[in-house]
Amino acid sequence: MHWRKLLRILHRDFGYVAAGLTIIYAISGIAVNHIQDWNPNYKIEKTFLILDSLPKNATQEEITKFVLKAVGETREVKNTYRSSPDELEIFVEGNSILVNYLTKEVKQEKVNSRFFLKETNDLHLNKPKGIWTYVADIFAVALLFLAISGLFLIKGKNGIKGRGLWLTLIGLVIPLSFWLYYYL
Amino acid sequence: MKKLVLFLFLSVLLTSTTYSQEGVKYGKKLTLKEKTSISELYKNPKKYVGKTVQVEGLIIKVCEKRGCWIDIASDKEFEKIRLKVEDGVIVFPLEEKGKKIIAEGVFEELIYTKEDLIEQGEHQAKEYGTKFDPKTITKGKTEYRLKGLGAIVK
């Protein structure tokens, strides 16, 4: 078999296998690239209200029940914490509720993970570690192969000896220019 | 080919189930056999600066943007310590807030000047969209924190 034909077959099959991961990495890449402007993993909803009253001489447990009822929170309490003599924080799955005994202010912070996007970000940033590290390594090598083999798929005026060369150089000049601009 | 795809899918599914049974592990494996209470760290800070310690407590705050730090409640009322991890090496998800953690890290002493604190306050105000008045900072301060190495959240 001619080497170029073999290269095309390998490029095609590696491309099929890498398609899913490339899409995941591309979507996540855009998401985490703008981390300064938004939270790519979570939607955080912060609300604030002032209660009319709080039970007097009540235990922490009684206040917790009272506040949960007042804010309409029905999920199970994970834990509670007193950050100061006047404050109690109640942790519920997906919600933390901060109560101020003196001002009767209740601040809620509801956290919902962004479906699909959080999962893709976790994989992209190698949160699972372990076996995924090696999967991501293999993927990186596959991308390297796809990039290099892609250069030699076709011959002629559109190949690497013609138009392909100029386009490849443009692709190299773009990151190089930015690197020179930012670091020199 | 269909069998291969199914095999790969089931293998991953099985691995992830085993993974979730012991609590969620972050970073390096815990090595110390004894825990040090957070109140003890604050009581005798000089004794522990630069040493690796293991602490246990409730996660009361998680870095919203990068999951690069958490605050752990102390055994003493109204006291807490920050566990800072290297960006991207360990990422704590927001869901861990309110859960128990056993963590290991190097106890660090951070000395901030007045100027450092103003810069820090302005940066945080910008990041979280809150207000900061530099006049509230009148002098520098010394802070203690843990440089996180590994943890288990249950």
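Note on naming: letters A, B, ... go to the chains in the order of the sequence lines (proteins, then strands), and numbering restarts at 1 for each one.
- Note on A:F139 and A:L146: same hydrophobic cluster, where clusters join Ile, Leu, Val, Met, Phe, Trp and Tyr whose side-chain heavy atoms are under 4.5 Å apart, directly or indirectly.
- With hydrogens and angles disregarded, no donor-acceptor distance shorter than 3.5 Å links the side chain of A:K129 to the backbone of B:K25.
- Looking at A:K46 and B:E64, a side-chain N of the basic residue comes within less than 4.0 Å of a carboxylate O on the acidic one, giving a salt bridge.
- In this structure, B:I59 and A:F91 have side chains that are not in contact, with every pair of non-hydrogen atoms separated by 4.5 Å or more.
- Per-residue heavy-atom pair counts under 4.5 Å with chain B were compared for A:S113, A:S84, A:S96, and the maximum is reached by A:S84.
- The local environment of CH2 in A:W166 is sparse, with at most 12 non-hydrogen atoms from other residues, nucleotides or ligands closer than 6.0 Å.
- We find the NZ-CZ distance between A:K127 and B:F92 to be 10.5 Å, quoted to the nearest 0.5 Å.
- Tracing side-chain contacts under 4.5 Å through hydrophobic residues (I, L, V, M, F, W, Y), one never reaches B:Y26 starting from B:L149; they form parts of separate clusters.
- The OG1 atom of A:T80 lies 12.0 Å from the CD1 atom of B:I60; values are rounded to the nearest 0.5 Å.
- For B:Q124, the CD atom sits in a packed shell: over 12 heavy atoms of surrounding residues, nucleotides or ligands are nearer than 6.0 Å.
- No chain of hydrophobic side-chain contacts below 4.5 Å, direct or via other Ile, Leu, Val, Met, Phe, Trp or Tyr residues, connects B:W69 to B:V91.
- For A:I44, the part lying under 4.5 angstrom from a heavy atom of chain B is the side chain only.
- Atom NZ of B:K84 has more than 12 neighbouring heavy atoms from other residues, nucleotides or ligands inside a 6.0 Å radius.
- Heavy atoms of other residues, nucleotides or ligands lying less than 6.0 angstrom from OH of A:Y182 number 12 at most.
- Between the side chain of B:K65 and the backbone N or O of A:Q36 there is at least one donor-acceptor pair closer than 3.5 Å.
- The line from CG of A:N112 to CD of B:E95 is 9.5 Å long, rounded to the nearest 0.5 Å.
- Sparse packing is recorded around CZ of A:R163, with 12 or fewer heavy atoms of other residues, nucleotides or ligands lying under 6.0 Å away.
- Distance OH/A:Y81 to CG/B:L58: 8.5 Å, rounded to 0.5 Å.
- In this structure, the separation between CG on B:L94 and NZ on A:K43 is 14.5 Å, given to the nearest 0.5 Å.
- Residues B:K100 and A:K78 have side chains not in contact (no heavy-atom distance under 4.5 Å, counting atoms from C-beta outward).
- Residues A:S83 and B:F78 are not in side-chain contact: their nearest non-hydrogen atoms beyond the backbone lie 4.5 Å or more apart.
- Contact of the A:I35 side chain with the B:R66 side chain is registered, since non-hydrogen atoms from C-beta on lie closer than 4.5 Å.
- Around the CD atom of B:E119, the shell of radius 6.0 Å holds no more than 12 heavy atoms that belong to other residues, nucleotides or ligands.
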